[in-house]
Amino acid sequence: MSALALTANRAVAAGASPKAILRSPLPVWAALFTNVLAFSGLPTLLPIPTSIGQMVTQGALILAFLLALMANPGGVIRPNVFLVLLSALAIVALMVSIHNQFMLGSTFRASRLIGFVTVLWLLTPWWGRSDSVLLRSHIWCLRIVLGTVLVGAVLAPGSAFSYEGRLSGALWPMPPTQVAHYAAVLLGCTIVLWFGGAVRGRTALLTLFAAGAALVGAHTRTALLAMTVGLVLAAGSMFIGHARVRRTAAALTVGALIAASLFAPLIADWFWRGQSSEEATQLTGRTKVWTEILGLERSWWGDVFGSGLSNKSFNGLSIDSNWLAVYLDQGWFGIAIDAALLLLLIFLTVTHQRGIRRAVALFLIAYCLVASITETGLGDASPYLLELVVAASLLAAPAGAERRQ
């Protein structure tokens, strides 16, 4: 047993087997990222049939699994509580989905989640590495996707702003909410890395303009609020040890006060998006759907384990709340698992040593927690789940030989 453990530690520390065809998890992560890309049916520069779009996103999971085996042919995994909880969520979801009214669709979604988690297990040898390879892979995916959004806005502005004047994907039909999500996460991670000196000023400035323009153009309040909360917490964790954070915080405070006084009408117009006060208080109609879900009468089995994975809608209306969507699909069990995942990451963040890795993880956790109020994704394969995995990989302890160095 000691020999087996020593062999596993060495394999984990190396990150990949010497026989591995792929030496980096980037292709695997890119395939997973493609799998969770939304296909909204919005107009694009070149029309993409729905069947082709779904084939690309769904087939990407199979590709991710094959690439993961090429990067980790020995199937070496690194045990951790985070993925154990996620695996339990996926297995129970499959067991319940088999009995769903729409069995085929629900079972397919649960099977997809199990495949998604399986690929994540195969990536665990790269957790805890000093080069933060999963974070760098995620940032590269965000840059590429946002690059296509901005190029599409230049080539086909009519299609890019066809959804209520909000920026969406014109090369790939990506809804404004997902554009804002990617822009906010990329901008926030880059700023935190710049705080710690891990990103050059030129790169940070370019990201600020590109991702900032996409975030403003997408006109999504949730992403802006979640990014702000995440950045405040991340900066707070670095405030004492990094003079750059203190200088930037002072400059931003002064700049925010000046901007608020000079551009208050424009800021208010952007925030309200032409909505009435009643529409805003109802969160664009979300609270009506939430009230119907909370008033739903189900058996005790349905309350505890839900009814199986769905398309996150209720009576034809989007739920737009992770906690209510998980309650509907996976019951109180799903809510308990989601809460446990977040509490586990928060505990690891609190007990982790100060530094860039802790700050980036704190930003991602805070972003996902705030966004979960009006967005779905923590109970299914989604970009939010990928970001929590990145946070978990940053907080993981170094393995084997890397720890001894």
| task | With Trp127 as reference, evaluate Val390, Leu83, Ile77, Leu395 under the side chain to side chain contact (heavy atoms under 4.5 Å, CB included) test and give the passing residue. | result |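 In the set Val390, Leu83, Ile77, Leu395, the residue that makes a side chain to side chain contact (heavy atoms under 4.5 Å, CB included) with Trp127 is Leu83.
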How about [atom1] on [X], more than 12 heavy atoms from neighbouring residues, nucleotides or ligands closer than 6.0 Å, or not?
X: Ile62; atom1: CD1; result: no
X: Leu294; atom1: CG; result: yes
X: Arg246; atom1: CZ; result: yes
X: Phe39; atom1: CZ; result: yes

Supply the atom-to-atom distance [X] [atom1] to [Y] [atom2], rounded to the nearest 0.5 angstrom.
X: Cys368; Y: Glu375; atom1: SG; atom2: CD; value: 11.0 Å
X: Leu61; Y: Asn35; atom1: CG; atom2: CG; value: 4.5 Å
X: Ser310; Y: Lys312; atom1: OG; atom2: NZ; value: 5.0 Å
X: Leu122; Y: Leu67; atom1: CG; atom2: CG; value: 11.5 Å
X: Thr203; Y: Leu206; atom1: OG1; atom2: CG; value: 7.0 Å
X: Leu342; Y: Leu378; atom1: CG; atom2: CG; value: 6.0 Å

| Any salt bridge between Arg109 and Asp329, counting N to O under 4.0 Å? | no
Does any N or O in the side chain of [X] come within less than 3.5 Å of the main-chain N or O of [Y], such that one atom is a donor and the other an acceptor?
X: Thr349; Y: Leu362; answer: no
X: Ser307; Y: Leu328; answer: yes
X: Ser106; Y: Phe102; answer: no
X: Thr124; Y: Leu120; answer: no
X: Thr44; Y: Pro173; answer: no
X: Ser321; Y: Thr374; answer: no
X: Arg357; Y: Leu394; answer: yes

| query | Which residues satisfy the ring-ring contact (aromatic ring centres under 6.0 Å, His included) test with Tyr182, sequence neighbours excluded? | reply |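 In terms of ring-ring contact (aromatic ring centres under 6.0 Å, His included), with neighbours along the sequence ignored, Tyr182 is linked to Phe33.
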| Are Trp121 and Ser87 linked by a side-chain donor-acceptor pair shorter than 3.5 Å? | yes
| task | Quickly, which of Phe333, Trp332, Phe305 forms a ring pair (Phe, Tyr, Trp, His ring centres under 6.0 Å) with Tyr327? Name it, please. | result |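 Filter result, single survivor: Trp332.
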What is the minimum heavy-atom distance between [X] and [Y], and which atoms define it?
X: Phe363; Y: Ala184; result: CZ-O, 3.8 Å
X: Val245; Y: Ala235; result: CG1-O, 3.5 Å
X: Trp126; Y: Pro25; result: NE1-CD, 3.6 Å

| note | Sorted by chain and number, sequence neighbours left out, salt bridge (charged side-chain N to carboxylate O under 4.0 Å, His left out) with Asp320 holds for Arg286
Within the structure provided, determine whether [X] and [Y] are in side-chain contact (heavy-atom separation under 4.5 Å).
X: Val56; Y: Leu37; answer: no
X: Met238; Y: Val192; answer: yes
X: Gln330; Y: Leu89; answer: yes

Show every donor-acceptor pair shorter than 3.5 Å between a side-chain atom in residues 151-159 and any protein atom, with sequence neighbours excluded, or say none if there are none.
none

